[in-house]
Asks: 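The structure follows.
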Amino acid sequence: MTDQSPAPAAPDRRTLGVMLLLTVLSAVLVLTAVGRVWAEGRAGNLEVSVTGSTISELPGGLALVGLAAAVAVFAVRGAGRLAVGALTLLAGLGAAAASAAGAGDTAALDTEAGRKLALAGSAASEVSHSAWPWVALAGGLLLALAGLFTLRYGRGWPAMGTRYDAPTRKGPAKADTPADLWKALDRGEDPTAG
C-alpha cells in the first residue's frame, strides 16, 4: 500500500509566505493605528484630540518602508536580500519604538489645545490615552519579525528569473545590412562596437 498524500510545500516558499503575511499584517496594524486618536483631552470648554500621525509620522513611514522591502526582496539576491532583511528589521524596531514613545505623549495634544484656543502655551486637561499606540507597537514588532525571517530564510527564497536581467553581449555582431543593425539594437547589442 503506497501513500498518495501530496508532497508538502517547500520550506522556502512557506517561510516566504509567512514573511509576506507578517509584513502585510504589520503594515495594516501600524497604518490603521496611526490614523486613530491616540490622545484626547479638554482645552477650556473644547474637546481636543490628536491622531498617531499627528504625534509622530515615523511609525507610518517605517511601515511603508517595510512594505517596499517586501517587494524588493524578490528583486535582489544574496547580500542584497540580507540588506533588505536588515532594513525591514530596523524599520520594525523603529516603528515599535516611536509608537511606544508616542503612547504617553501630551506635547501634540497641548499644541492642538493652543491652536483651538488661539493661545500659545495652552495645555490640555483631563488627558486620556487610547490603546492605538500599543496596536502600532505590535505592528512594528511583527514587521521586525518579518525582517528576521528574511535574514534567516531569505537566501533560499526564489528570485526573479534572469530573463529580467539586462542582456549581455555574446560577441561582436556582424552587421551587413541596415536591418542587421536594427536587429542587433533590438537584442541590446551595440553594433558599432568592436
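Just so you know, these numbers come straight off a predicted model, no measurement behind them.
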Asks: Return all side-chain donor-acceptor pairs below 3.5 angstrom for residues 82-99, not counting sequence neighbours, or 'none' if the list is empty.
Replies:
unit_1 : atom_1 : unit_2 : atom_2 : d
T88    : OG1    : V84    : O      : 2.8
S99    : OG     : A95    : O      : 2.8

Asks: Locate the shortest heavy-atom distance separating M19 from F149; write the atom from each residue and the value.
Replies: CB-CB, 4.2 Å

Asks: What pair of heavy atoms forms the shortest contact from L109 to G41, and how long is it?
Replies: CD2-N, 4.0 Å

Asks: Take atom CZ of R42 as the centre, draw a 6.0 Å sphere, and report whether it contains more than 12 heavy atoms from other residues, nucleotides or ligands.
Replies: yes

Asks: Which heavy atom in G154 sits nearest to a heavy atom in R81, and how many Å separate them?
Replies: O-NH1, 2.7 Å

Asks: Side chain of H129, backbone of A103: donor and acceptor closer than 3.5 Å?
Replies: yes

Asks: V76, Y153: one ILVMFWY side-chain cluster at the under-4.5 Å cut-off?
Replies: yes

Asks: Stepwise, does the side chain to side chain contact (heavy atoms under 4.5 Å, CB included) test hold for T32 with R36?
Replies: CA-CA 7 Å; T32 299; R36 302 291 192 261; 3.8 Å; yes

Asks: When rounded to the nearest 0.5 angstrom, what is the spacing between CD in E47 and CD in E112?
Replies: 12.5 Å

Asks: Once rounded to the nearest 0.5 Å, what's the spacing between atom CG of L141 and atom CG of L22?
Replies: 11.5 Å

Asks: Show which side-chain atoms of residues 50-58 pair as donor or acceptor with protein atoms under 3.5 Å away, not counting sequence neighbours.
Replies:
unit_1 : atom_1 : unit_2 : atom_2 : d
T51    : OG1    : S53    : OG     : 3.3
T51    : OG1    : T54    : N      : 3.4
T51    : OG1    : T54    : OG1    : 3.0
S56    : OG     : L58    : N      : 3.2

Asks: Report whether V127 and W38 are members of the same hydrophobic cluster (ILVMFWY, side-chain heavy atoms less than 4.5 Å apart, transitive linking).
Replies: yes

Asks: So, taking the atom named CG in L21 and the one named CG in L142, what distance separates them when rounded to the nearest 0.5 Å?
Replies: 9.0 Å

Asks: Only one of L145, V71, L143 clears side-chain contact (heavy atoms from CB on, under 4.5 Å) with T23; which?
Replies: L143

Asks: Between V30 and G140, what is the shortest heavy-atom contact and its length?
Replies: CG2-N, 3.7 Å

Asks: Kindly give the heavy-atom pair with the smallest separation between W132 and A33, and that separation in Å.
Replies: O-CB, 3.4 Å

Asks: Which pair of heavy atoms, one from A43 and one from V48, lies closest together, and at what distance?
Replies: CB-CG1, 4.0 Å

Asks: Among the clusters formed by ILVMFWY side chains lying less than 4.5 Å apart, do V37 and W134 turn up in the same one?
Replies: no

